[in-house]
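Some notes on the structure that comes next.
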Amino acid sequence: MAAATNGKCASPAEEHPRKAFGWAAIDPSGVLSPFNFSRRANGDDDITLKILYCGICHSDLHTIKNEWGITKYPVVPGHEIVGVVTEVGKNVTKVKTGDKAGIGCVVGSCGSCENCKQDLENYCPKIMFTYGSVYHDGTRTYGGYSNMIVVNEHFVIRFPENMPLDKSAPLLCAGITVYSPMKTFGLNEPGKHLGVVGLGGLGHVAVKFGKAFGMKVTVISSSPTKEKEAIERLGADAAMGTMDGIINTVSAVHQLMPLIFLLKTHGKMILVGAPEKPLELPVFPLIMAGRILAGSCIGGMKETQEMIDFAGKHNITADIELIKMDYVNEAIERLAKADVRYRFVIDVANSLSAA
């Protein structure tokens with residue numbers, strides 16, 4: 001939906017007063033190309049962020065190829081956004097001009113429902129995602145594969161000075177996606193045994209958080225090379241055993257039964273990956289040991305800030321491959337083949353040229 005101008009629908013480049021540019025997908029081929037659009041003026045409660053880096057999430061891949069069947073084109077992906085604040089509205093108190101800041105998966109919510117009142121904006125029925133949603137003003141949201149963004153200060157995350165922005169960007173999606181269920185379901189207690197399924201962008205960060213919580217961590221992967229990497233690079237524990245909980249990060253169709261059997265009685269498996277097709281759910285392994293299967297979607301703003309502060313204290317960052325914007329299509333193809341250790345991050349400020 002675009003704002004009306006003289007009875008006509010304004011183009012993305014004309015619907016707002018501030019010129020912006022980035023890379024967008026325009027059809028289900030998912031091919032990204034230069035794209036001119038616009039951002040709203042900085043309001044009293046807004047901040048403007050000059051984007052320095054943006055991580056490439058598996059959700060970006062699903063979205064640009066319309067694998068979930070909900071994409072509206074054109075779409076500018078990217079919700080692992082970090083940069084420098086260049087403007088603040090008169091009511092803004094969270095950050096000031098020149099501060100390091102980030103924007104994750106959410107840029108709006110109703111602010112009045114039960115979830116919002118409990119700092120669970122991520123479960124608001126009227127949630128507005130960083131890209132692909134309709135904002136309060138009726139215009140579409142565009143993400144971080146772009147030069148700048150304007151956001152209400154409530155959805156801005158402050159970054160500690162010691163954190164490198166390029167390696168920290170993926171924490172705004174990958175990080176909170178695993179941190180939140182670990183805290184919510186009690187999988188953050190020292191000495192407990194955590195299984196992590198899938199050693200990708202989410203999984204490798206889950207290992208780091210698990211170890212920082214003082215847990216025993218086992219990576220569950222079908223790849224022997226990844227098992228070796230998990231032990232040598234990330235500090236995961238190699239021995240398999242009964243598990244108190246499993247964080248399942250796999251975003252492709254896979255079998256749940258072998259994983260459920262790894263859980264001890266009353267063990268919990270939390271699904272955070274989002275396959276494009278339904279998974280088969282074997283009920284008996286759940287019933288016969290009182291096991292729990294649950295889902296989790298990112299986290300609220302308060303918890304996301306807590307996660308970044310925790311990561312800063314424990315020197316937790318993502319393992320990344322820094323790329324230029326014009327390599328983004330190749331990166332997407334490599335991501336589809338799991339050919340990245342472990343997260344692509346776009347060097348936006350140094351490689352994005354106007355369309």
Side-chain angles (χ1 to χ4, degrees), residues 16 18 20-23 37-43 45-57 59-60 63 75-89 92-109 111 119 121-122 124 127-136 139-160 163-177 179-180 297-309 311-312 317-318 343 345-349 352:
H16 292 299
R18 306 181 74 175
F21 55 92
W23 281 47
F37 63 108
S38 54
R39 301 283 193 190
R40 70 178 185 268
N42 198 97
D45 301 309
D46 292 336
I47 71 102
T48 297
L49 191 76
K50 176 186 177 182
I51 299 173
L52 300 182
Y53 303 101
C54 185
I56 298 180
C57 177
S59 297
D60 300 347
T63 301
V75 57
V76 177
H79 56 206
E80 297 178 342
I81 305 166
V82 292
V84 176
V85 178
T86 59
E87 185 177 351
V88 298
V92 172
T93 58
K94 186 183 284 188
V95 294
K96 64 183 184 302
T97 301
D99 282 355
K100 292 180 178 180
I103 298 156
C105 303
V106 184
V107 294
S109 68
D119 300 307
E121 301 92 342
N122 50 314
C124 174
I127 189 171
M128 297 161 204
F129 292 110
T130 303
Y131 62 85
S133 285
V134 176
Y135 197 63
H136 295 291
T139 62
R140 193 178 303 167
T141 59
Y142 294 108
Y145 294 16
S146 58
N147 65 324
M148 53 85 79
I149 190 169
V150 181
V151 181
N152 182 286
E153 74 160 329
H154 182 75
F155 299 94
V156 174
I157 300 298
R158 300 182 303 274
F159 271 75
M163 295 188 74
L165 289 183
D166 54 351
K167 296 179 181 179
S168 301
L171 298 180
L172 291 167
C173 176
I176 189 59
T177 295
Y179 180 92
S180 180
C297 179
I298 51 175
M301 302 316 301
K302 181 178 179 181
E303 191 172 47
T304 303
Q305 186 66 64
E306 174 191 304
M307 178 273 303
I308 288 293
D309 293 341
T317 57
R343 201 65 150 191
V345 173
I346 305 168
D347 186 357
V348 175
L352 176 62

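Positions are given from 1 along the sequence.
By the 4.5 Å heavy-atom criterion applied to side chains, Arg140 and Phe37 are not counted as neighbours. Here the side chains of Val76 and Tyr131 are not in contact, with every heavy-atom distance at 4.5 Å or above. Under the 4.5 Å side-chain criterion, counting only non-hydrogen atoms from C-beta, Pro170 is in contact with Val345. Contact check for Cys105 versus Ile298: side-chain heavy atoms found under the 4.5 Å cut-off. Residues Pro160 and Asp309 are in side-chain contact: their nearest non-hydrogen atoms beyond the backbone lie under 4.5 Å apart. In this structure the side chain of Asp347 never reaches within 4.5 angstrom of the side chain of Asp166, judged on heavy atoms. For the pair Arg18/Thr48, a side-chain contact is recorded, criterion being any heavy-atom separation below 4.5 Å from C-beta on. Looking at heavy atoms from C-beta onward, Leu172 lies in side-chain contact with Val82 at the 4.5 angstrom threshold.
Considering NE2 of His79 and CG of Asp60, their distance stands at 5.0 Å, rounded to 0.5 Å. Between the CH2 atom of Trp23 and the CG atom of Leu352 there is a distance of 8.5 Å, given to the nearest 0.5 Å. Distance check, rounded to the nearest 0.5 Å: CD of Glu80 to CD1 of Ile176 gives 12.0 Å. Atom-to-atom distance recorded for Leu52:CG and Ile346:CD1 is 13.0 Å, nearest 0.5 angstrom.
Taking each heavy atom of Cys57 and Cys173 in turn, the nearest pair found is SG-SG, 3.7 Å. In terms of heavy atoms, Ile51 sits closest to Ser146 at CD1-O, 3.3 Å. Across all non-hydrogen atoms, the minimal contact from Ile81 to Cys54 is CG1-SG, 4.0 Å. Nearest heavy atom pair, residue Leu171 against residue Ala311, reads CD1-CB, 3.7 Å. Between Thr86 and Thr97, the closest heavy-atom pair is O-CG2, 3.9 Å. For the residue pair Asp46 and Val92, the shortest heavy atom distance occurs at O-CG2, 3.3 Å.
Remark: side-chain polar atoms of Asp99 are not paired, donor with acceptor, to backbone N or O of Ala101 under 3.5 angstrom. Checking side-chain atoms of Glu153 against main-chain N and O of Lys94 turns up a donor-acceptor pair under 3.5 Å. A donor-acceptor distance shorter than 3.5 angstrom exists from the side chain of Gln305 to the backbone of Arg158, with no hydrogens or angles considered. Not one N or O on the side chain of Thr141 forms a donor-acceptor pair closer than 3.5 Å with the backbone of Tyr135. The backbone N or O of Val106 lies less than 3.5 Å from a partner atom in the side chain of Thr130, making a donor-acceptor pair. Proximity of a side-chain donor or acceptor of Asp45 to a complementary backbone N or O of Asn152 within less than 3.5 Å is not detected. Under a 3.5 Å cut-off, the side chain of Arg39 and the backbone N or O of Tyr142 do form a donor-acceptor pair.
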- Can you list the steps and then say if Tyr179 with Thr304 is a side chain to side chain contact (heavy atoms under 4.5 Å, CB included)? CA-CA 9 Å; Tyr179 180 92; Thr304 303; over 6 Å; no
- Kindly determine whether Tyr53 and Ser168 satisfy side chain to side chain contact (heavy atoms under 4.5 Å, CB included), including the steps that lead there. CA-CA 9 Å; Tyr53 303 101; Ser168 301; over 6 Å; no
- Item | Chi angles and distances behind the side chain to side chain contact (heavy atoms under 4.5 Å, CB included) call for Phe155, Ile103 | CA-CA 7 Å; Phe155 299 94; Ile103 298 156; 5.7 Å; no
- Query: Could you walk me through whether Thr139 and Arg40 pass the side-chain hydrogen bond (donor to acceptor under 3.5 Å, both in side chains) check?
  - Reply: CA-CA 10 Å; Thr139 62; Arg40 70 178 185 268; over 6 Å; no
- Apply side chain to side chain contact (heavy atoms under 4.5 Å, CB included) to Lys100 and Leu165, showing your working. CA-CA 8 Å; Lys100 292 180 178 180; Leu165 289 183; 4.0 Å; yes
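For the side chain to side chain contact (heavy atoms under 4.5 Å, CB included) with Met301, the qualifying choice from Val156, Asn122, Ile157 is Ile157, the only one to do so.
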